[in-house]
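Let me begin by presenting the structure, written as structure tokens, before commenting on it.
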Amino acid sequence: MKRVVIVGARGRLGSALMREYANEFDVVGFNHAQLDLGKPDQMRTTLGALQFDALINTAAQTNVDRCETHQKEAFALNAEAPRVLAEICAGTQARFIHISTDYVFDGEKREPYTEEDEAEPISVYGESKREGEGRALEANGSALIVRVSWVFGPDRPSFVDWAIDQARERENVKAIADKWATPTYTLDLAKLLKPLFAKQKQVSGILHLANSGECSWQEYAQCALDCCRAKGMPMKARTIDASSLAEMKSFIAKRPAYSVLSSGKYQALTGEKPRPWQEAVAEFVREHKN
Ligand SMILES: NC(=O)c1ccc[n+]([C@@H]2O[C@H](COP(=O)([O-])OP(=O)(O)OC[C@H]3O[C@@H](n4cnc5c(N)ncnc54)[C@H](OP(=O)(O)O)[C@@H]3O)[C@@H](O)[C@H]2O)c1
């Protein structure tokens with residue numbers, strides 16, 4: 001049985017990986033308190049004492065607005081820490097998989113971003129994550145960077161949970177209609193990442209991975225609301241009204257308007273096509289919301 005280390009074991013994606021992999025792998029998880037991305041020596045000592053076959057780094061400073069005001073911290077956690085983890089894995093021949101983001105793009109395109117598209121971030125979060133990708137690949141030529149988008153799942157609330165709560169409590173709910181990406185279910189990611197463990201020789205560099213299709217936040221929220229109604233949950237709202245990105249005065253960081261990721265390269269490598277985001281949202285509501 002392979003030993004897989006999950007860094008960020010209490011996060012939205014990390015928790016899902018811990019649970020989904022528990023029956024198949026010898027999983028060792030580290031949460032923030034056990035392994036601090038801001039402490040390179042602690043990472044070297046802790047991980048250096050352990051034998052493992054693969055390490056997946058899901059931990060990061062994911063608060064996009066905080067990154068804008070805490071630049072040094074953002075680069076320490078999102079850029080330097082992945083370099084250190086990549087270096088540790090290079091030293092032990094372990095597979096290193098690092099999770100990155102669609103926010104490395106400026107959002108000017110209107111068709112899915114491929115791995116060949118230039119990453120031109122418009123926020124400190126995006127810059128720090130892009131820098132982390134580069135540093136990890138420089139430190140470890142076999143590293144695999146997996147960019148994901150709009151991650152949701154049962155282990156930590158995200159936009160979709162907020163939208164459902166709003167729609168339960170009030171008749172009028174608004175969500176942004178001029179920003180597009182693809183919701184990506186943590187339980188799907190757990191399955192989709194697995195074939196990449198073994199392909200260390202064939203698959204390195206950058207890979208995009210998301211559920212299929214694309215939508216705005218408004219369409220995403222509407223789909224979740226429809227699924228809740230179909231399940232018989234009492235919802236006050238019937239429709240989600242449109243608002244615009246420009247109306248979001250509370251946002252500190254700029255967000256890309258369009259950041260849909262093409263999973264074409266992933267499909268070509270594995271022969272697997274991620275299912276449509278609507279199916280994933282429907283399953284999430286069916287199995288995890290009540
Ligand atoms: N969420 C999205 O929509 C989205 C979209 C695109 C890409 N991504 C990427 O996907 C990955 C997983 O995201 P997620 O949604 O699972 O995020 P998350 O729920 O915010 O999880 C991130 C984890 O990192 C941990 N962490 C933060 N600072 C740390 C530190 N100094 N040392 C150790 N651990 C630390 C957090 O622990 P504490 O909470 O205890 O601090 C948390 O468990 C990240 O790389 C993120 O950039 C996410």
Side-chain angles (χ1 to χ4, degrees), residues 5-20 29-43 46-47 55-67 70 72-82 84-85 96-105 107 113 119 121 123-133 136 144-163 179-190 192-193 206-211 215 217 220 253 255-256 259-261 263 277 280-281 284:
V5 171
I6 308 290
V7 178
R10 286 239 183 94
R12 191 174 295 117
L13 178 57
S15 304
L17 298 184
M18 291 294 295
R19 186 181 51 253
E20 298 300 307
F30 292 97
N31 63 32
H32 191 161
Q34 294 162 327
L35 194 77
D36 190 332
L37 294 185
K39 296 182 177 160
D41 288 342
Q42 185 201 41
M43 288 194 276
T46 308
L47 295 170
L55 183 150
I56 307 176
N57 178 34
T58 67
Q61 177 47 269
T62 56
N63 183 326
V64 177
D65 289 322
R66 183 180 168 90
C67 288
H70 296 73
K72 211 171 149 202
E73 176 191 276
F75 275 81
L77 306 184
N78 294 346
E80 183 56 13
V84 173
L85 292 171
F96 178 57
I97 299 180
H98 173 66
I99 306 298
S100 191
T101 175
D102 54 328
Y103 275 32
V104 297
F105 294 114
Y113 281 94
S123 64
V124 172
Y125 170 72
E127 271 178 44
S128 64
K129 293 290 284 187
R130 181 187 59 174
E131 182 69 21
E133 296 177 347
L144 177 65
I145 311 297
V146 181
R147 291 181 182 145
V148 301
S149 63
W150 284 0
V151 178
F152 72 98
D155 298 285
R156 193 177 263 205
S158 65
F159 169 79
V160 69
D161 303 275
W162 170 87
K179 175 170 162 48
W180 301 268
T182 310
T184 303
Y185 193 28
T186 53
L187 275 62
D188 286 5
L189 277 175
L192 295 162
L193 285 171
I206 292 174
L207 197 60
H208 291 178
L209 189 51
N211 278 113
C215 61
W217 262 331
Y220 182 15
R255 269 84 165 159
S259 57
V260 176
L261 300 173
S263 299
W277 65 268
V281 169
F284 169 66

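In listed order, ligands and their atoms are each counted from 1. FYI, side chains are in, hydrogens and waters are out, and symmetry mates aren't considered; it's all heavy atoms of this structure.
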Ring-plane angle category for Tyr185 and Phe152, please: parallel below 30°, perpendicular beyond 60°, tilted otherwise.
parallel

Can you name the residues that form a ring-ring contact (aromatic ring centres under 6.0 Å, His included) with Phe30, not counting sequence neighbours?
none

Determine if the distance from atom 36 (C) of ligand 1 to the closest protein heavy atom is below 4.0 Å.
no

Are Ala33 and ligand 1 in contact, using a heavy-atom cut-off of under 4.0 Å?
no

Once you measure the plane-to-plane angle for Tyr220 and Phe159, does it fall in the parallel (<30°), tilted (30-60°) or perpendicular (>60°) bin?
tilted

Residue-level breakdown please: for Ser100 versus ligand 1, do any non-hydrogen atoms fall below 4.0 Å on the side chain, on the backbone, on both, or on neither?
backbone

Ionic contact status for Arg255 with Asp65, cut-off 4.0 Å:
yes

Any N or O of Arg156 that comes nearer than 3.5 Å to an N or O of ligand 1?
yes

Out of Gln61, Arg10, His32, indicate the one that has the non-hydrogen atom closest to atom 34 (N) of ligand 1.
His32

For Arg147, which part has a heavy atom under 4.0 Å from ligand 1: side chain, backbone, both, or neither?
neither

Below the 3.5 angstrom mark, is there an N/O of Ala59, backbone or side chain, next to an N/O of ligand 1?
no

Are more than 12 heavy atoms, taken from residues, nucleotides or ligands other than Arg10, located less than 6.0 Å from that residue's CZ atom?
no

I need the contact type for Thr62 against ligand 1. Using non-hydrogen atoms and a strict under-4.0 Å cut-off, is it side chain, backbone, both or neither?
side chain

Checking heavy atoms under 4.0 Å, the part of Thr186 that sits near ligand 1 is neither

Just heavy atoms, cut-off under 4.0 Å: does Phe159 contact ligand 1 by side chain, backbone, both, or neither?
neither

